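Working notes for the structure below.
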Amino acid sequence: MRILHTADWHLGRTLEGRSRLAEQEAFIDELVEIVAKEQIDVVLMAGDVFDSVNPPAAAEQLFYESLARLSDKGRRPVAVISGNHDHPDRISAARPLLSDYNIFLFGRPQAEVCRIDVPSCGEAMMLAPLAYPSESRLAELLSSDHKETALRDRYDDRIRALFAAMAASFADETVNVVMSHLYVAGGHTSDSERPIEVGGAYTVAAASLPGAAQYVALGHLHRPQDVRRAETAARYAGSPLAYSFSEAGHTKSVTVVDVHPGGKANVTEIPLVSGKPLVRWKATDGLAQVYRWCEEGRDRSCWIDLEVHVNEPLTMEEIQRLRKLHQGFIHIRPVFPEREAAAETDRKPLSLVEMFRRFYERQTGGQTPDEELVRLFLELAADEKEGEGEEE
């Protein structure tokens, strides 16, 4: 059985007001091509389909179109769970209509296991789909103790118990997979993930993932990564697009898992090429350097976070000119090196002489003390210090 694992589409998300819908449409096109080329038997989407509980209509349309294309009229099973950004009832609303087309939607976290027959490979999957399990969605008070450590331990115990209950339905003759949207301790985060835990309270230990599963498909963290210290193969597929500049330079991908009943999962990563990269420019030589880069066509198809060194604040005309030269500028941040250097100097410890000179300038309206006056001050200061020593 060949499984494609993807997550964190965040359909409808913008970048500082810039629409990403065209990029998300391009990702769906690429995903459909990968599924066909790699002869994928099952597609798993591990949560955060949308970026909000009330997504725009265009995002919902794109989602349902993607399900239709990926399922290929029911010949390929597709399973989707809700993430912390999704409204669970919105995700599962179409479940009665889509189940006949081998599309399985799971909105609220429940200890249910779904058997999925996969005709293309003649095998079956036992899928344990644990949608985003917050206290409110579990409809449970996990701990009356508000201490973070107590809540974390109780949350971890509850999730471990749910996984154990679901894993009890696994069988030797099926491919046994867990899919969930949560934060496993030790994962690498980025700025584009809005946290699902209070501090570290909603955190699950890697050891709590069920060892009986042959693969654990996870969503929430946007950087593709394996889960360390897990007893089984467990992985975050990551987001298909970079959603913050903290992800600049990250390679986005989907995960393909080859596994047979009773066998070990073989996990591979397929890089994605759709979507505009997010890059950072640091123009230490000022605006002229930025103009030169724009004329050269540098990073023409990217979103850009610009830091430009200047001596004076940028005018509105300069900012508008930059945005006309390159449509990808998201942030334009002027940096004033001379002011920063002066501020750094101000923070350094000053000698007694320098403190006296600055005090004298403030008191006299900017005059500079002559050397004789400085010498006299140092003598008085030395005498005062000696007097303090004698008193002690």
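What you see is a predicted model; the values in this text were computed from it and never measured.
Taking Trp9 as the reference, Phe27 meet the ring pair (Phe, Tyr, Trp, His ring centres under 6.0 Å) condition, with sequence neighbours excluded. Contacts of Lys276 classified as salt bridge (charged side-chain N to carboxylate O under 4.0 Å, His left out), with partners at least two apart in sequence or in another chain: none. With sequence neighbours excluded, no residue satisfies ring pair (Phe, Tyr, Trp, His ring centres under 6.0 Å) with Phe170. With sequence neighbours left out, the side chain to side chain donor-acceptor pair (under 3.5 Å) criterion links Ser120 to Asp41. Judged as a side chain to side chain donor-acceptor pair (under 3.5 Å), and not counting sequence neighbours, the contacts of Glu30 are Ser274. With sequence neighbours left out, the side chain to side chain donor-acceptor pair (under 3.5 Å) criterion links Ser82 to no other residue. In this structure, the side-chain contact (heavy atoms from CB on, under 4.5 Å) partners of Glu296, at least two apart in sequence or on a different chain, are Arg292, Trp293. For Glu60, the side chain to side chain donor-acceptor pair (under 3.5 Å) criterion is met by Arg90, not counting sequence neighbours. By the side-chain contact (heavy atoms from CB on, under 4.5 Å) test, Thr232 is found to be paired with Val216, residues two or more places apart in sequence or in another chain being considered. Legend: residues meeting salt bridge (charged side-chain N to carboxylate O under 4.0 Å, His left out) with Arg235, ordered by chain and number and at least two apart, are Asp226, Glu269.
Distance check: Asn102 CG to Asp72 CG gives 11.0 Å after rounding to the nearest 0.5 Å. Annotation: the span from Ile103 atom CD1 to Leu67 atom CG amounts to 5.0 Å, rounded to 0.5 Å. In this structure, CD on Glu123 lies 13.5 Å from CD1 on Ile116, to the nearest 0.5 angstrom. Here CD1 of Ile40 is found 10.5 Å from CG of Leu70. Values are rounded to the nearest 0.5 Å. Glu25 CD to Leu62 CG: the interatomic distance, rounded to the nearest 0.5 Å, is 5.5 Å. The distance from the CD1 atom of Ile304 to the CZ atom of Arg298 is 8.0 Å, given to the nearest 0.5 Å.
Screening residues 301-324 for ring pair (Phe, Tyr, Trp, His ring centres under 6.0 Å), with sequence neighbours left out, gives no hits.
When the options Thr255, Leu127, Leu4 are evaluated for a side chain to side chain contact (heavy atoms under 4.5 Å, CB included) with Leu44, the one that passes is Leu127.
In this structure, Pro129 and Val113 approach most closely via the heavy-atom pair CD-CA, 4.4 Å. Across all non-hydrogen atoms, the minimal contact from Asp29 to Arg69 is OD1-NH1, 2.8 Å. Looking at every heavy atom in both residues, Gly107 comes nearest to Ser92 through N-CB, 3.8 Å. Between Ser244 and Ser246 the shortest heavy-atom distance is OG-OG, 2.7 Å. Here the closest heavy-atom approach between residue Leu306 and residue Ala283 is recorded as CD1-CB, 4.5 Å. Residue Leu130 comes nearest to Met166 through the heavy atom pair N-CE, 4.1 Å, listed as atom of the first residue, atom of the second, then distance.
Hydrophobic clustering, with ILVMFWY side chains joined whenever heavy atoms are under 4.5 angstrom apart, keeps Ile34 apart from Leu241. Both Tyr101 and Ile28 are members of a single hydrophobic cluster when ILVMFWY side chains are connected at heavy-atom separations under 4.5 Å. By the rule that hydrophobic residues join a cluster once side-chain heavy atoms approach within less than 4.5 Å of another member, Val80 and Phe104 end up as members of separate clusters. Connection of Ile81 to Val175 is established within a shared hydrophobic cluster, with ILVMFWY side chains joined at heavy-atom distances below 4.5 Å, either directly or through further cluster members. Clustering ILVMFWY residues whenever any of their side-chain heavy atoms sit less than 4.5 angstrom apart, transitively, puts Leu21 in the very cluster that holds Tyr64.
A donor-acceptor pair shorter than 3.5 Å can be found between the side chains of Thr174 and Asn176. Between the side chains of His220 and Asp48, no donor-acceptor pair of N or O atoms lies under 3.5 Å. Checking His250 against His222 by side-chain atom types alone, no donor-acceptor pair falls below 3.5 Å.
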Would Val308 and Thr284 count as a side-chain contact (heavy atoms from CB on, under 4.5 Å) if you check the C-alpha gap in whole Å, the side-chain angles of each, and the deciding distance to 0.1 Å?
CA-CA 6 Å; Val308 55; Thr284 56; over 6 Å; no
Quick one: do Tyr132 and Arg137 satisfy side-chain contact (heavy atoms from CB on, under 4.5 Å)? Show the steps, please.
CA-CA 8 Å; Tyr132 167 53; Arg137 296 190 188 182; 3.4 Å; yes
Applying side-chain contact (heavy atoms from CB on, under 4.5 Å), run through Leu209 and Val227 and close with a yes or a no.
CA-CA 10 Å; Leu209 301 177; Val227 176; 4.2 Å; yes
Are Trp281 and Cys302 close enough, and set up right, to give a side-chain contact (heavy atoms from CB on, under 4.5 Å), and what steps lead you there?
CA-CA 11 Å; Trp281 284 7; Cys302 298; over 6 Å; no
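For Glu38 and Arg2, the salt-bridge test passes: some basic side-chain N is under 4.0 Å from an acidic carboxylate O. Taking the charged nitrogens against the carboxylate oxygens, Arg154 and Asp156 have no contact shorter than 4.0 Å, which rules out a salt bridge.
For the pair Asp258 and Val256, the minimum side-chain heavy-atom distance is below 4.5 Å. Two residues are said to be in side-chain contact when any heavy atoms from C-beta on lie closer than 4.5 Å; Arg223 and Glu247 fail this criterion. Between Leu352 and Phe377, the closest side-chain pair of non-hydrogen atoms falls below 4.5 Å. When side chains are defined from C-beta on, Ser208 does not count as touching Tyr155, because their heavy atoms never get closer than 4.5 Å. Two residues are said to be in side-chain contact when any heavy atoms from C-beta on lie closer than 4.5 Å; Ile91 and Val49 meet this criterion. Taking 4.5 Å as the limit, some side-chain heavy atom of Leu314 sits within range of a side-chain heavy atom of Leu287. In this structure, the side chains of Met126 and Val177 stay at 4.5 Å or more apart for every pair of heavy atoms. In this structure, the side chains of Gln327 and Arg323 stay at 4.5 Å or more apart for every pair of heavy atoms.
Using modelled atom types, no side-chain atom of Gln320 and backbone atom of Glu317 make a donor-acceptor pair closer than 3.5 Å. Under a 3.5 Å cut-off, the side chain of Gln110 and the backbone N or O of Ala131 do not form any donor-acceptor pair. The backbone N or O of Asp51 lies less than 3.5 Å from no partner atom in the side chain of His10, so there is not a single donor-acceptor pair. Listed for the Arg20 side chain is a donor-acceptor partner under 3.5 Å among the backbone atoms of Ala242. Using a distance-only test at 3.5 Å, with no hydrogens or angles considered, a donor-acceptor pair links the side chain of Asp86 to the main chain of Phe50.
Taking a 4.5 Å side-chain heavy-atom cut-off between Ile, Leu, Val, Met, Phe, Trp and Tyr, the cluster of Val53 contains only that residue.
Classification of the His326-Phe329 ring pair by plane angle, with boundaries at 30° and 60°, yields tilted.
Annotation: cation-pi pair Arg321/Tyr291 present, NZ/CZ under 6.0 Å from the ring centroid and within 45° of its normal.
In this structure, the ring of His5 has its center less than 6.0 angstrom from the ring center of Tyr215.
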